[in-house]
A.B. asks: 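Pasting a structure here, questions to come.
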Amino acid sequence: MLLSFLFFSVLCLVQTKSIIEPCTSSFSCPSLLSYLLPWDSKLSEIATRFNVNVSDILAANYVYPITTTTSYANEILRAKSIVKIPIACPCVDGIRRSMSTIYTVQPSDTLATISDGFGGLVSGEQIKNVNSINPTNPLVNGGKIVIPLPCSCLNNVNNGGNVVYMSYVVQKGESLGSIAMVYGTTVSDMKTVNGIAEAAVDPGDILSVPISACSSAPLNWYNESLIVPNGSYALTATNCIKCTCAPLDLKMQCNPSGLDVPCYNLHCKGSNLLIGDVHVEHSKTGCNVTQCVYRGHRGGKILSSMMNSSYLMCPGI
Ligand SMILES: *[C@@H]1O[C@H](CO)[C@@H](O)[C@H](O)[C@H]1NC(C)=O
Ligand SMILES: *[C@@H]1O[C@H](CO)[C@@H](O)[C@H](O)[C@H]1NC(C)=O
Ligand SMILES: *[C@@H]1O[C@H](CO)[C@@H](O)[C@H](O)[C@H]1NC(C)=O
Ligand SMILES: *[C@@H]1O[C@H](CO)[C@@H](O)[C@H](O)[C@H]1NC(C)=O
Ligand SMILES: *[C@@H]1O[C@H](CO)[C@@H](O)[C@H](O)[C@H]1NC(C)=O
């Protein structure tokens, strides 16, 4: 009895903290992983490793493609850089986690080296459990295993504001305060979100960091909704429209992407304003502002409409 209690305590001591969000719905939400590169890697290798598109990684890190993504795929990122990886966060067996990353075992891999390759976002123990790795079912070179990755949705809300949650592996020398500062949140928010009473965190703990985001919900879009974290952009309407999240007021701003794809209906009807363009008319009393705004897309057609507002003060003056 005492022995098993001691054993349990030791297990608890070595176990790292990580948020577990129970769930019931089949709906999945957008989320991010903060990936600290364990070694120099090509962008295409990172994309393959996490089963995401290069273009989606570029968007999550606000790197805007000038022509195509091909030139970026071979870009080498240095070890210890941090890359945000966008992943869908579904509900799997009652817990929020991503199970869509499949890894092919390499010669000389161990559970520990595979965990390192994913920047500590998953532990060797978790890989072992999910894949039922044991002496009769060992890791074999060329074998395919599922990599469970941590994520949370929490309704994409924090303190009444829109957020996207990012899974973050605590590094040596970091504290809740230092992490909160970098990502524009607070220690008390981090404690609440992660359900921890104490501010102390240890290297290897996985925290859920709320990243402020812009939502299309107040914009009245037809047949589309989008949530874009601060510091990211999103391409929509078959890559014709790029939406960004203004860092100050967290308002979504959508403009033509300028990418080399065929796009129609980029002007508001009966106007020479492009989507995102603003026309300011001065008067004695102030200004009238007319803007052509994106309203979603339907059946390959881009929707837009004019918005008017009167200002006493003219913007930009
Ligand atoms: C990746 O991009 C391709 C082509 O642009 C698209 O068809 C596919 O749905 C994308 N995959 C993901 C996971 O976003
Ligand atoms: C898309 O819009 C049409 C017409 O406005 C509506 O009938 C349909 O339910 C919408 N579909 C979705 C998925 O929102
Ligand atoms: C958005 O990100 C920028 C740059 O990281 C930061 O300065 C700003 O405070 C953030 N805005 C919000 C509302 O979190
Ligand atoms: C601005 O809009 C208001 C209300 O629609 C209108 O009364 C006013 O004449 C407009 N001013 C100009 C300069 O267009
Ligand atoms: C916006 O203002 C313009 C010019 O004043 C007017 O022609 C147009 O009908 C207005 N549109 C809306 C939606 O109010």
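Start at 1 and go down the list; that is how both ligands and their atoms are numbered. Just so we're clear, the structure is a prediction, and the values are computed from it rather than from any experiment.
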A.B. asks: Could you pull out every donor-acceptor pair under 3.5 Å between side chains of residues 138-153 and any protein atom, sequence neighbours left out?
C.D. replies:
from, atom 1, to, atom 2, distance (Å)
Lys144, NZ, Thr104, OG1, 3.0
Ser152, OG, Ser208, OG, 2.4

A.B. asks: When the side chains of residues 78-93 are checked against the rest of the protein, which donor-acceptor pairs come out under 3.5 Å, sequence neighbours left out?
C.D. replies:
from, atom 1, to, atom 2, distance (Å)
Arg78, NH1, Asp40, OD2, 2.6
Ser81, OG, Arg78, N, 3.4
Ser81, OG, Arg78, O, 2.3

A.B. asks: For residues Tyr103 and Asp109, is any side-chain donor paired with an opposing acceptor at under 3.5 Å?
C.D. replies: yes

A.B. asks: List the steps and the verdict of side chain to side chain contact (heavy atoms under 4.5 Å, CB included) for Tyr168 and Leu32.
C.D. replies: CA-CA 9 Å; Tyr168 184 89; Leu32 293 168; over 6 Å; no

A.B. asks: Which protein residues come within less than 4.0 angstrom of ligand 3, counting heavy atoms only?
C.D. replies: Ser212, Asn230, Pro247, Leu250

A.B. asks: Side-chain atoms of residues 176-184: list all donor-acceptor pairs with protein atoms under 3.5 Å, sequence neighbours left out, distances to 0.1 Å.
C.D. replies:
from, atom 1, to, atom 2, distance (Å)
Ser178, OG, Ser175, N, 3.0
Ser178, OG, Ser175, O, 3.0

A.B. asks: Ring pair (Phe, Tyr, Trp, His ring centres under 6.0 Å) for Tyr35 and Phe50? Distances and angles first, verdict last.
C.D. replies: CA-CA 10 Å; Tyr35 180 46; Phe50 286 95; 4.7 Å; yes

